[in-house]
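To keep things clear, I will list the structure first and then write my remarks on it.
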Amino acid sequence: KVASPETSLIKGLPGLSPIPFAVPLNEPTSFVISPQTLDGEKPTSAEPLDINLTYDDGTECPVKIQETPDGDYLVSFTPEKEGPLDVDCAFSGIPLDFGSFPLDVTPDGVEPDSSVSHDTVLETPRYKILAGGRGLKTGRIGRVGTIFLKVLDKTTKKPVKIPTDKVSLASKGPSTIPTPSVIASKSKPGIFVLRYSPEVEGEYLIGFLVNGDTTKMKPVRWHSQPPIGINGGVDPSQCEVKGLDTVVPVGEPVSLTVVAKSPLGEPRPVGGDPFDVKVITPEGTELPVKVDDIGNGEYIAQFTPTKEGPLSIDVTCAGIPIVQSPFTTN
(Lines give C-alpha, C1' and ligand atoms only; values in the text may rest on other atoms or scores of the structure.)
Protein backbone atom coordinates (compact mmCIF):
# COMPACT_ATOMS: atom_id res chain seq x y z
CA LYS A 1 0.00 0.00 0.00
CA VAL A 2 1.45 3.34 -1.06
CA ALA A 3 0.74 6.91 -0.01
CA SER A 4 -1.89 8.73 -2.05
CA PRO A 5 -1.53 12.47 -2.81
CA GLU A 6 -5.34 12.66 -2.76
CA THR A 7 -5.84 11.55 0.84
CA SER A 8 -2.56 12.38 2.60
CA LEU A 9 -2.95 15.16 5.14
CA ILE A 10 -1.18 18.38 6.01
CA LYS A 11 -1.37 19.10 9.73
CA GLY A 12 -0.43 22.15 11.77
CA LEU A 13 -1.50 24.76 9.21
CA PRO A 14 -4.88 26.25 8.31
CA GLY A 15 -6.77 25.21 5.21
CA LEU A 16 -7.58 27.37 2.22
CA SER A 17 -8.00 30.96 3.31
CA PRO A 18 -8.24 34.39 1.69
CA ILE A 19 -5.55 35.54 4.19
CA PRO A 20 -2.13 33.82 3.87
CA PHE A 21 -1.02 32.17 7.11
CA ALA A 22 1.65 34.31 8.82
CA VAL A 23 4.88 32.81 10.15
CA PRO A 24 7.57 34.68 12.13
CA LEU A 25 10.79 35.91 10.55
CA ASN A 26 13.97 34.10 11.65
CA GLU A 27 12.11 31.68 13.92
CA PRO A 28 11.84 27.89 13.45
CA THR A 29 8.46 26.86 12.00
CA SER A 30 7.09 23.40 11.25
CA PHE A 31 4.14 21.42 9.96
CA VAL A 32 3.40 17.72 9.51
CA ILE A 33 2.69 15.62 6.42
CA SER A 34 0.68 12.51 7.32
CA PRO A 35 0.79 9.94 4.47
CA GLN A 36 -2.38 7.94 3.87
CA THR A 37 -3.53 5.41 1.28
CA LEU A 38 -6.69 5.88 -0.76
CA ASP A 39 -8.47 3.89 1.96
CA GLY A 40 -7.30 6.31 4.66
CA GLU A 41 -4.75 3.86 6.12
CA LYS A 42 -1.05 4.25 6.81
CA PRO A 43 1.04 3.15 3.79
CA THR A 44 3.27 0.08 4.07
CA SER A 45 5.93 1.53 1.76
CA ALA A 46 7.50 4.96 1.71
CA GLU A 47 7.10 7.41 -1.16
CA PRO A 48 9.63 10.17 -1.91
CA LEU A 49 8.34 13.38 -0.31
CA ASP A 50 9.15 16.65 -2.07
CA ILE A 51 8.76 19.95 -0.20
CA ASN A 52 9.66 23.25 -1.84
CA LEU A 53 9.40 26.65 -0.16
CA THR A 54 9.94 29.57 -2.52
CA TYR A 55 10.31 33.26 -1.69
CA ASP A 56 8.79 35.99 -3.85
CA ASP A 57 12.18 36.60 -5.52
CA GLY A 58 12.39 32.97 -6.68
CA THR A 59 14.99 31.80 -4.16
CA GLU A 60 14.26 28.78 -1.96
CA CYS A 61 14.01 28.48 1.81
CA PRO A 62 15.96 25.47 3.17
CA VAL A 63 13.74 22.65 4.47
CA LYS A 64 14.46 19.76 6.84
CA ILE A 65 12.26 16.64 6.63
CA GLN A 66 12.26 14.07 9.45
CA GLU A 67 10.24 10.85 9.59
CA THR A 68 8.47 10.41 12.94
CA PRO A 69 7.93 7.10 14.78
CA ASP A 70 4.26 7.01 13.72
CA GLY A 71 5.11 7.27 10.02
CA ASP A 72 4.45 10.99 9.57
CA TYR A 73 6.92 13.57 8.28
CA LEU A 74 7.92 16.65 10.29
CA VAL A 75 8.76 19.52 7.94
CA SER A 76 10.89 22.25 9.58
CA PHE A 77 12.16 25.55 8.19
CA THR A 78 13.30 29.01 9.32
CA PRO A 79 12.17 31.91 7.08
CA GLU A 80 14.93 34.47 6.53
CA LYS A 81 13.07 36.94 4.31
CA GLU A 82 9.88 38.92 4.88
CA GLY A 83 7.00 38.62 2.42
CA PRO A 84 5.27 35.81 0.51
CA LEU A 85 6.57 32.26 0.85
CA ASP A 86 4.95 29.63 -1.41
CA VAL A 87 4.77 26.02 -0.21
CA ASP A 88 4.49 23.04 -2.57
CA CYS A 89 4.15 19.46 -1.25
CA ALA A 90 4.26 16.34 -3.42
CA PHE A 91 4.75 12.57 -3.28
CA SER A 92 6.93 11.26 -6.14
CA GLY A 93 6.36 14.52 -8.00
CA ILE A 94 2.54 14.37 -7.72
CA PRO A 95 1.16 17.36 -5.75
CA LEU A 96 -0.78 16.66 -2.58
CA ASP A 97 -4.45 17.62 -2.59
CA PHE A 98 -4.43 21.25 -1.33
CA GLY A 99 -0.64 20.84 -0.95
CA SER A 100 0.21 24.19 -2.56
CA PHE A 101 -0.48 27.28 -0.49
CA PRO A 102 1.02 30.68 0.40
CA LEU A 103 2.56 31.74 3.70
CA ASP A 104 3.31 35.32 4.74
CA VAL A 105 6.56 35.91 6.60
CA THR A 106 6.13 38.82 9.03
CA PRO A 107 8.38 40.17 11.84
CA ASP A 108 6.20 38.70 14.61
CA GLY A 109 4.17 35.99 12.88
CA VAL A 110 1.03 38.14 12.98
CA GLU A 111 -1.04 38.79 9.87
CA PRO A 112 -1.16 42.49 8.85
CA ASP A 113 -4.13 44.15 10.54
CA SER A 114 -5.14 45.77 7.26
CA SER A 115 -5.82 42.34 5.72
CA VAL A 116 -8.13 41.19 8.52
CA SER A 117 -11.91 41.63 8.70
CA HIS A 118 -12.99 41.95 12.35
CA ASP A 119 -16.65 41.16 11.67
CA THR A 120 -17.63 39.96 15.16
CA VAL A 121 -18.03 42.26 18.17
CA LEU A 122 -17.85 40.82 21.70
CA GLU A 123 -17.52 42.47 25.10
CA THR A 124 -16.36 41.99 28.66
CA PRO A 125 -17.06 44.48 31.48
CA ARG A 126 -13.82 46.31 30.65
CA TYR A 127 -13.10 45.62 26.99
CA LYS A 128 -14.66 45.74 23.55
CA ILE A 129 -13.24 42.91 21.42
CA LEU A 130 -13.30 42.94 17.64
CA ALA A 131 -12.78 39.42 16.31
CA GLY A 132 -12.52 37.76 12.93
CA GLY A 133 -10.86 34.98 11.01
CA ARG A 134 -11.70 31.53 9.67
CA GLY A 135 -11.32 29.96 13.12
CA LEU A 136 -14.41 31.83 14.27
CA LYS A 137 -16.53 30.39 11.45
CA THR A 138 -15.54 26.78 10.71
CA GLY A 139 -12.63 24.36 10.83
CA ARG A 140 -11.34 20.99 9.71
CA ILE A 141 -9.78 18.41 12.02
CA GLY A 142 -6.01 18.31 11.53
CA ARG A 143 -5.89 21.96 10.50
CA VAL A 144 -5.36 25.07 12.63
CA GLY A 145 -8.13 27.60 13.25
CA THR A 146 -6.91 31.20 13.25
CA ILE A 147 -8.73 33.99 15.08
CA PHE A 148 -7.73 37.66 14.98
CA LEU A 149 -8.48 39.88 17.98
CA LYS A 150 -8.37 43.61 18.51
CA VAL A 151 -8.88 44.52 22.19
CA LEU A 152 -10.13 48.04 22.97
CA ASP A 153 -10.71 49.78 26.30
CA LYS A 154 -14.46 50.45 26.54
CA THR A 155 -13.90 53.82 28.23
CA THR A 156 -11.11 55.29 26.10
CA LYS A 157 -11.97 53.25 22.98
CA LYS A 158 -8.23 52.81 22.42
CA PRO A 159 -6.26 49.56 21.99
CA VAL A 160 -4.87 48.20 25.23
CA LYS A 161 -1.59 46.43 25.89
CA ILE A 162 -2.26 43.10 27.63
CA PRO A 163 0.24 40.25 28.25
CA THR A 164 -0.38 37.21 26.06
CA ASP A 165 -0.90 35.02 29.16
CA LYS A 166 -3.99 37.13 29.94
CA VAL A 167 -5.60 36.38 26.57
CA SER A 168 -6.96 32.91 25.79
CA LEU A 169 -9.73 30.87 24.26
CA ALA A 170 -12.89 29.92 26.16
CA SER A 171 -14.64 26.88 24.72
CA LYS A 172 -17.28 24.20 25.22
CA GLY A 173 -17.82 21.23 22.97
CA PRO A 174 -17.34 17.54 22.20
CA SER A 175 -13.78 17.57 23.61
CA THR A 176 -11.33 19.76 25.50
CA ILE A 177 -9.39 21.90 23.05
CA PRO A 178 -5.60 21.80 23.55
CA THR A 179 -4.13 25.07 24.82
CA PRO A 180 -4.10 27.53 21.88
CA SER A 181 -1.09 29.59 20.89
CA VAL A 182 -1.46 33.32 21.43
CA ILE A 183 0.74 35.81 19.59
CA ALA A 184 0.74 39.56 20.24
CA SER A 185 1.71 42.10 17.60
CA LYS A 186 5.06 43.71 18.38
CA SER A 187 4.21 46.92 16.52
CA LYS A 188 0.56 47.52 17.49
CA PRO A 189 -0.93 47.23 21.01
CA GLY A 190 -4.11 45.24 21.47
CA ILE A 191 -3.63 43.07 18.38
CA PHE A 192 -3.55 39.29 18.96
CA VAL A 193 -3.67 36.11 16.91
CA LEU A 194 -5.06 32.90 18.46
CA ARG A 195 -4.46 29.55 16.78
CA TYR A 196 -6.27 26.44 18.00
CA SER A 197 -7.02 22.93 16.78
CA PRO A 198 -9.69 20.62 18.27
CA GLU A 199 -9.05 16.89 18.01
CA VAL A 200 -12.69 15.78 17.77
CA GLU A 201 -15.21 16.92 15.15
CA GLY A 202 -18.47 18.59 16.14
CA GLU A 203 -19.90 21.95 17.13
CA TYR A 204 -17.95 24.02 19.64
CA LEU A 205 -18.89 27.21 21.47
CA ILE A 206 -15.98 29.62 21.14
CA GLY A 207 -15.37 32.77 23.16
CA PHE A 208 -12.43 34.61 24.70
CA LEU A 209 -10.94 35.07 28.15
CA VAL A 210 -9.36 38.52 28.51
CA ASN A 211 -7.80 39.63 31.77
CA GLY A 212 -10.02 37.28 33.77
CA ASP A 213 -13.32 38.12 32.05
CA THR A 214 -15.06 35.87 29.51
CA THR A 215 -17.02 37.02 26.47
CA LYS A 216 -20.16 35.45 25.11
CA MET A 217 -19.60 32.38 22.94
CA LYS A 218 -20.58 31.64 19.36
CA PRO A 219 -20.94 28.26 17.61
CA VAL A 220 -18.15 27.04 15.33
CA ARG A 221 -18.46 23.74 13.46
CA TRP A 222 -15.34 21.58 13.09
CA HIS A 223 -15.54 18.92 10.37
CA SER A 224 -13.65 15.69 9.84
CA GLN A 225 -11.36 15.29 6.85
CA PRO A 226 -13.69 15.39 3.81
CA PRO A 227 -13.61 12.81 1.01
CA ILE A 228 -12.54 15.35 -1.58
CA GLY A 229 -9.91 14.29 -4.10
CA ILE A 230 -8.41 15.22 -7.42
CA ASN A 231 -10.09 12.51 -9.47
CA GLY A 232 -13.28 14.23 -10.53
CA GLY A 233 -14.37 15.44 -7.08
CA VAL A 234 -15.27 18.95 -6.06
CA ASP A 235 -12.39 21.34 -5.37
CA PRO A 236 -13.28 24.29 -3.08
CA SER A 237 -10.40 26.31 -4.50
CA GLN A 238 -12.11 26.24 -7.93
CA CYS A 239 -15.75 26.80 -6.93
CA GLU A 240 -17.43 30.14 -7.48
CA VAL A 241 -20.41 32.23 -6.43
CA LYS A 242 -22.65 33.92 -9.00
CA GLY A 243 -25.51 36.39 -8.74
CA LEU A 244 -24.57 38.11 -5.46
CA ASP A 245 -25.11 41.87 -5.71
CA THR A 246 -22.93 44.27 -3.71
CA VAL A 247 -26.08 46.01 -2.43
CA VAL A 248 -29.29 44.14 -1.51
CA PRO A 249 -32.65 45.34 -0.12
CA VAL A 250 -33.77 44.94 3.50
CA GLY A 251 -36.72 42.60 4.05
CA GLU A 252 -36.65 41.02 0.60
CA PRO A 253 -35.34 37.55 -0.34
CA VAL A 254 -31.81 37.52 -1.71
CA SER A 255 -30.34 34.59 -3.63
CA LEU A 256 -26.94 33.54 -4.88
CA THR A 257 -25.70 30.51 -6.81
CA VAL A 258 -22.76 28.34 -5.77
CA VAL A 259 -21.15 26.57 -8.73
CA ALA A 260 -19.26 23.37 -7.89
CA LYS A 261 -16.12 22.75 -9.95
CA SER A 262 -13.49 20.04 -10.29
CA PRO A 263 -9.76 20.59 -9.60
CA LEU A 264 -9.38 21.34 -13.32
CA GLY A 265 -11.92 24.17 -13.03
CA GLU A 266 -14.64 22.30 -14.90
CA PRO A 267 -18.27 22.60 -13.68
CA ARG A 268 -19.54 19.52 -11.86
CA PRO A 269 -22.45 17.90 -13.78
CA VAL A 270 -24.08 16.40 -10.66
CA GLY A 271 -25.13 17.49 -7.19
CA GLY A 272 -24.64 15.97 -3.78
CA ASP A 273 -21.63 17.99 -2.64
CA PRO A 274 -21.72 19.17 1.02
CA PHE A 275 -21.95 22.95 0.59
CA ASP A 276 -22.83 25.15 3.56
CA VAL A 277 -23.69 28.86 3.43
CA LYS A 278 -23.68 31.13 6.48
CA VAL A 279 -24.80 34.77 6.45
CA ILE A 280 -23.42 36.70 9.41
CA THR A 281 -24.37 40.18 10.65
CA PRO A 282 -21.84 42.66 12.15
CA GLU A 283 -23.08 41.57 15.60
CA GLY A 284 -22.05 37.99 14.85
CA THR A 285 -25.57 36.55 14.56
CA GLU A 286 -26.49 34.26 11.69
CA LEU A 287 -29.44 34.79 9.39
CA PRO A 288 -31.51 31.75 8.32
CA VAL A 289 -30.28 30.41 4.97
CA LYS A 290 -31.95 27.86 2.68
CA VAL A 291 -29.67 25.97 0.30
CA ASP A 292 -31.25 24.02 -2.58
CA ASP A 293 -29.27 21.40 -4.50
CA ILE A 294 -30.40 21.78 -8.12
CA GLY A 295 -28.75 18.49 -9.04
CA ASN A 296 -26.61 19.86 -11.87
CA GLY A 297 -23.63 21.07 -9.83
CA GLU A 298 -25.32 24.33 -8.84
CA TYR A 299 -26.70 25.22 -5.41
CA ILE A 300 -29.05 28.14 -4.78
CA ALA A 301 -28.80 29.82 -1.38
CA GLN A 302 -31.56 32.18 -0.26
CA PHE A 303 -31.81 34.50 2.76
CA THR A 304 -33.63 37.67 3.80
CA PRO A 305 -31.71 40.61 5.36
CA THR A 306 -33.47 41.93 8.47
CA LYS A 307 -31.75 45.32 8.80
CA GLU A 308 -29.32 47.66 7.08
CA GLY A 309 -25.57 47.15 7.24
CA PRO A 310 -22.84 44.85 5.89
CA LEU A 311 -23.26 41.08 5.76
CA SER A 312 -20.51 38.46 5.62
CA ILE A 313 -21.35 35.37 3.54
CA ASP A 314 -19.31 32.28 4.34
CA VAL A 315 -19.43 29.48 1.74
CA THR A 316 -17.76 26.16 2.52
CA CYS A 317 -17.66 22.65 1.11
CA ALA A 318 -17.23 19.95 3.78
CA GLY A 319 -15.88 22.64 6.08
CA ILE A 320 -13.37 24.02 3.58
CA PRO A 321 -13.97 27.61 2.43
CA ILE A 322 -14.30 28.08 -1.30
CA VAL A 323 -11.99 30.53 -2.99
CA GLN A 324 -12.64 34.21 -2.07
CA SER A 325 -14.96 33.26 0.80
CA PRO A 326 -16.17 35.05 2.89
CA PHE A 327 -18.07 37.33 0.50
CA THR A 328 -19.63 40.62 1.50
CA THR A 329 -22.76 42.54 0.60
CA ASN A 330 -24.56 45.57 2.03
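All residue numbers refer to positions in the sequence shown, counting from 1.
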Shared hydrophobic cluster, V63 / F91 (ILVMFWY, side-chain heavy atoms < 4.5 Å): yes
Donor-acceptor contact below 3.5 Å, side chain D273 vs main chain F275: no
Distance, nearest 0.5 Å, that separates CD1 of I65 from CG of D50: 7.5 Å
Of K128, K216, K154, the residue whose pairing with E123 passes salt bridge (charged side-chain N to carboxylate O under 4.0 Å, His left out): K154
Heavy-atom closest pair, residues P174 and G202: CG-CA, 3.9 Å
Validation row: D153, K158 side chains within 4.5 angstrom (heavy atoms): no
Listed partners of N211 passing side chain to side chain contact (heavy atoms under 4.5 Å, CB included), at least two apart: R126, Y127, I162, K166
Heavy-atom closest pair, residues D245 and V248: O-CG1, 4.0 Å
Main-chain N/O of Q66 paired with T68 side-chain donor or acceptor, under 3.5 Å: no
SB check K81 D57 (cutoff 4.0 Å): yes
Stepwise side chain to side chain contact (heavy atoms under 4.5 Å, CB included) test for L136 and F148: CA-CA 9 Å; L136 205 54; F148 308 102; over 6 Å; no
Distance (rounded to the nearest 0.5 Å) between E201 CD and R221 CZ: 8.0 Å
Polar side-chain atom of T246 near backbone of T329 as donor-acceptor pair, under 3.5 Å: no
Minimum heavy-atom distance P24-T29, with the two atoms named: CD-OG1, 4.0 Å
Side chain to side chain, P326 and P321, heavy atoms closer than 4.5 Å: no
L74 side, atom CG; E67 side, atom CD - distance, nearest 0.5 Å: 11.5 Å
Separation between OG1 of T281 and CG of L311, rounded to the nearest 0.5 Å: 7.5 Å
In one Ile/Leu/Val/Met/Phe/Trp/Tyr side-chain cluster, 4.5 Å: L152, V210: no
V160 reachable from L130 in the ILVMFWY side-chain graph, under 4.5 Å edges: no
Y196 vs I206 side-chain heavy atoms within contact, under 4.5 Å: yes
Side-chain donor or acceptor of T146 paired with backbone N/O of G133 under 3.5 Å: no
Side chain to side chain contact (heavy atoms under 4.5 Å, CB included) assessment of I183 paired with R195: CA-CA 9 Å; I183 308 170; R195 307 196 197 279; 4.3 Å; yes
Same cluster (ILVMFWY, side-chain, under 4.5 Å), V277 and I280: no
Interatomic distance, F31 atom CZ to C89 atom SG [nearest 0.5 angstrom]: 4.5 Å
Flag, side chain of T164 to backbone of V182, donor-acceptor distance under 3.5 Å: no
T124 backbone acceptor or donor facing D213 side chain under 3.5 Å: no
P310 and P282, any side-chain heavy atoms less than 4.5 Å apart: yes
Candidate pair V193 and I147, rule side chain to side chain contact (heavy atoms under 4.5 Å, CB included), full reasoning: CA-CA 6 Å; V193 176; I147 299 176; over 6 Å; no
Modelled atom types, side-chain donor and acceptor of T285 and K218, under 3.5 Å: no
All side chain to side chain contact (heavy atoms under 4.5 Å, CB included) counterparts of D119, not counting sequence neighbours: S117, K137, S312
pair K278-V289: side-chain heavy atoms closer than 4.5 Å: no
The single option from V323, I322, V291, L244 passing side-chain contact (heavy atoms from CB on, under 4.5 Å) against V315: I322
Donor-acceptor contact present, side-chain T78 to main-chain N26, <3.5 Å: no
Within 6.0 angstrom of K64 NZ, more than 12 heavy atoms from elsewhere: no
For S175 against E199, the heavy-atom pair lying closest together: OG-N, 4.4 Å
Set of salt bridge (charged side-chain N to carboxylate O under 4.0 Å, His left out) partners for D70, sequence neighbours left out: none
Common cluster, F77/Y55, ILVMFWY with side-chain heavy-atom separation under 4.5 Å: yes
Distance in Å, T54 OG1 paired with D86 CG, rounded so as to fall on 0.5 Å steps: 6.5 Å
pair D314-S325: side-chain heavy atoms closer than 4.5 Å: yes
P107 side chain near E82 side chain, heavy-atom distance below 4.5 Å: yes
K42 NZ: over 12 foreign heavy atoms closer than 6.0 Å: yes
Chi angles and distances behind the side chain to side chain contact (heavy atoms under 4.5 Å, CB included) call for F208, L194: CA-CA 10 Å; F208 308 103; L194 278 71; 4.1 Å; yes
Check: T106 and L25 side chains under 4.5 Å, non-hydrogen atoms: no
Closest heavy-atom pair and its distance - L96, S8: CD2-CB, 4.2 Å
